[in-house]
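Shown next, in structure tokens, is the structure this report addresses.
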Protein chains: 2
Amino acid sequence: MPHREKGSGPPSIVEVAREAGVSTATAGRVLGGYGQASAASRAKVEDAARRLSYRPNGLARSLIHGSTETVGVIVTDVGNPFFASAVRAITDVVRAAGYEMLLANTDSDPEAERRAIQVMWEKRVDGLIVAPQSPESAERLRALADAGLPLVLLDRPLPALPQVDQVIINNTLCAQRAVAHLVRLGHRRIAVLSEAARDFPRLRDAAPAEGDAERPSAARLVGYAAALRRAGLTPDPGLIVHSPYDRDAATHAVLRLLRRDPGVTALFCTDNVLASGAVAALQRSGRACPDDVSLVGFDDQEWTTLVRPRLTVVRQPNRELGSTAAERLLERIAERRGDGAGDPGTEEAATTGSGTAPDAARDADAQDGQRLVLRGRLIARDSTGPPPAVS
Amino acid sequence: MPHREKGSGPPSIVEVAREAGVSTATAGRVLGGYGQASAASRAKVEDAARRLSYRPNGLARSLIHGSTETVGVIVTDVGNPFFASAVRAITDVVRAAGYEMLLANTDSDPEAERRAIQVMWEKRVDGLIVAPQSPESAERLRALADAGLPLVLLDRPLPALPQVDQVIINNTLCAQRAVAHLVRLGHRRIAVLSEAARDFPRLRDAAPAEGDAERPSAARLVGYAAALRRAGLTPDPGLIVHSPYDRDAATHAVLRLLRRDPGVTALFCTDNVLASGAVAALQRSGRACPDDVSLVGFDDQEWTTLVRPRLTVVRQPNRELGSTAAERLLERIAERRGDGAGDPGTEEAATTGSGTAPDAARDADAQDGQRLVLRGRLIARDSTGPPPAVS
DNA sequence: CTGAAAGCGCTAACAA
DNA sequence: TTGTTAGCGCTTTCAG
């Protein structure tokens, strides 16, 4: 291995140029593949590069070009199979377009999210996909959106940012159907297990159409309430059970519920982690499913067909959620590049009629973020059945 | 586009300096938090920065400092819960140290892996964690290791790279114990379902001590063979079943096996995906578990205690695997930084005794990559029992 | 304490 | 076809 002269660090293009006996410009032209170069110098340069095992410095390149060929992705937890699937799909799509992915977990910690957003911005990602934690995230993201950074919201909408694209599931309707399914089977005392249970007072009277402006857990509660309302049932606060995103916590919450209220005949879980906890709880409680208690989960995972009874669930298109978000982001990135190349004069002129500030053009473009709503669907399996006959 | 207009793109430090009426140097000092600055100019600069919503450009900074505060992670599939857990743990550890993560999936495609390695290198990650696909990966990685890039192998060892740190599981022994458990229960016709089945001829006579130099699937086959050997049984090629990492494929492979060879009384699966396929197959075949067929899986997932019978598995510390790798990497990065600051003269002198080339010092340091072997353990549950009485 | 100027590694005008 | 020369946005001597 030929040792490098200039102390530390990988070789730079000037060292390659020197080794090859050409200028840095020609070296750059052959190594960067952008200009013209004679076969002779091409050979010399490539040879020298190989000898020094040279790799171009992407930082320098990005600094010049103003793009990093990298997209940022911020989720709460890649460990959750739901996000793992979505992230997997995102990587596939962006990689095909030549992008890399910077990934951050926030663990539902607002401070971590703030930091992640800031770092992504400092590292100059070309675009960002984020599953925001809460409405407060909107403030943090607005600055990026205003700066024109391509941005797509994943799974969780942010009504405060109508100018950014959002890719979500029709959670409210799906939940409504899931609960309607239970109602149709004859259930009257239907409990719900949700991370958003505390928000129920605010959500119970929301119109189904408003539901999908909430984060998924909350939207699903809106659907739950709507289904009960349609069936002429009034929600019982005792049946709205809170649990954090943790299987064991969910198990205990359900065990407590069953002990406290033996009359419950059905349970709707707003998420896959909670559903797995509920299955465990039912098994431990000795209640038969679906004979004593029916169960519906949200988010179909592989294990749902392995357990007995096989779980009735709402299946949501996890991978498609990710790939759609990624595609949307790539389009936005491409658009922005296009903008930069266009003549700023004409563009400004074209929008002066409606515009006010000098940069109205870009804002106008960004104003209508697309809202893509992917559809989940109910898959009735064996964990749901008629309630036990009243004693 | 010749030059970017001052308007486009995020504001640079010179615009902030101009707005604040100071030099770029002072602006840099307050915004970068490195020099001294009077309260007066500090206020002016911070104010200007806020007005322009300025964010420092990390690329420029990294270009100067020679570090990006980013680590690369290359795995085959974040969608696989095993890697999802490991990756999750990695992010936690590196984030606590102020690093971000660049993530790439290779999907077991050597070309994708090659590209990923190259891109990580060009983006100048400060270190790299990789789960290599195959022995050929060693060639690709050797260049990075030689260049002194901190590198840690995750889950899959590469004997050809003794100079790099490797964090793995004691797969061979774990598999051996799993199969010994079946032998102890009285099983004689024990099948194995593995992605590495085709390599069995090469692996069958390996010493258990050599097993852990193989990738996990292969190492587990070595353990399988060793356990049989110890029990005085000879492996039957008909019981070594291949399946790719795909649940449905695994299901069909197992169904075929049971049809072809009804005398099988136990099955060992070398991986969680294959195990889930096997559970599905058993359910569909109508064979009772464990009464007709016992089942052991590798890699404990949440669903293993939800299915009935609850699955006997080898549990491996997935998160710890990731966090250990990350910690190791951070140490290596810190070491390298230290090296750079140290006096190269003394260092060379210290190792001249054993060294030969001028740069022997660094190589000598790197020569002994640590090999960290984390331990899995067998958890006997209800899917294993004595074989049915012979008819 | 502050500013001018020299880079980090690369690309892109412009000359030669 | 090639080389020279400015930068990209920031940090960092080195004077003032």
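Letters A, B, ... are given to chains in the order of the sequence lines, protein chains preceding strands, and every chain is numbered from 1. What's counted below: heavy atoms across the whole structure, side chains too, no hydrogens, waters or symmetry copies.
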Checklist outcome for this item: side chain to side chain contact (heavy atoms under 4.5 Å, CB included) test vs V130(A) passes for just one of V152(A), L151(A), I117(A), namely L151(A)

Next on the checklist: For a quick check under 3.5 Å, do T76(A) and Q133(A) share a side-chain donor-acceptor pair by atom type?
Outcome noted: no

Checklist entry - Would E136(A) and R114(A) satisfy salt bridge (Lys or Arg N to Asp or Glu O under 4.0 Å), going step by step from the backbone distance to the final call? => result CA-CA 10 Å; E136(A) 282 95 72; R114(A) 206 188 53 70; over 6 Å; no

Item to check | Pairwise side-chain contact, Q118(A) with R140(A), heavy-atom cut-off 4.5 Å (strictly under) | outcome: no

Next on the checklist: Quick check on the helix from dC1(C)-dG16(D) to dA16(C)-dT1(D): what's the angle between its two end axes, five base pairs per end, to the nearest 10°?
Outcome noted: 40°

Checklist entry - Just to confirm, is there a sub-4.0 Å distance from OP1 or OP2 of dT13(D) to any side-chain nitrogen or oxygen of Y34(B)? => result no

Checklist entry - Under 4.0 Å: is that the gap between some side-chain N or O of R61(A) and OP1 or OP2 of dC10(C)? => result no

Checklist entry - To the nearest angstrom, how far is N57(B) atom CG from dG9(C) atom C1'? => result 14 Å

Item to check | R51(A)/D47(A) salt bridge by N-O under 4.0 Å criterion | outcome: yes

Next on the checklist: Just the rounded figure in Å: distance from P of dC10(D) to CG of L31(B).
Outcome noted: 9 Å

Next on the checklist: Whole angstroms only, please: what is the CD1-C1' distance between I13(B) and dT12(D)?
Outcome noted: 12 Å

Item to check | S62(B) side-chain N/O to S67(B) backbone N/O, donor-acceptor pair under 3.5 Å | outcome: yes

Item to check | Interatomic distance where CD belongs to E122(A) and C1' belongs to dG9(D) [whole Å] | outcome: 13 Å

Checklist entry - Does the side chain of E113(B) come within less than 4.5 Å of D109(B)'s, by heavy atoms? => result no

Item to check | Interatomic distance where CG belongs to L52(A) and C1' belongs to dG9(C) [whole Å] | outcome: 15 Å

Checklist outcome for this item: When rounded to whole Å, the CH2 to P distance for the pair W121(B) and dG9(C) reads 12 Å

Checklist outcome for this item: Taken to the nearest whole Å, CD/E15(A) to P/dG9(C) is 8 Å

Checklist entry - Could you state the CZ-P distance from R18(B) to dG9(D), rounded to the nearest angstrom? => result 12 Å

Checklist entry - Is any side-chain heavy atom of E331(B) closer than 4.5 Å to a side-chain heavy atom of D165(B)? => result no

Checklist entry - When you look at CD of E111(A), are more than 12 heavy atoms from neighbouring residues, nucleotides or ligands closer to it than 6.0 Å? => result yes

Item to check | Nucleic acid footprint by protein, nucleotides 1-8 of chain C - heavy-atom cut-off 4.0 Å, B for base, S for sugar-phosphate alone | outcome: SBBB--BB

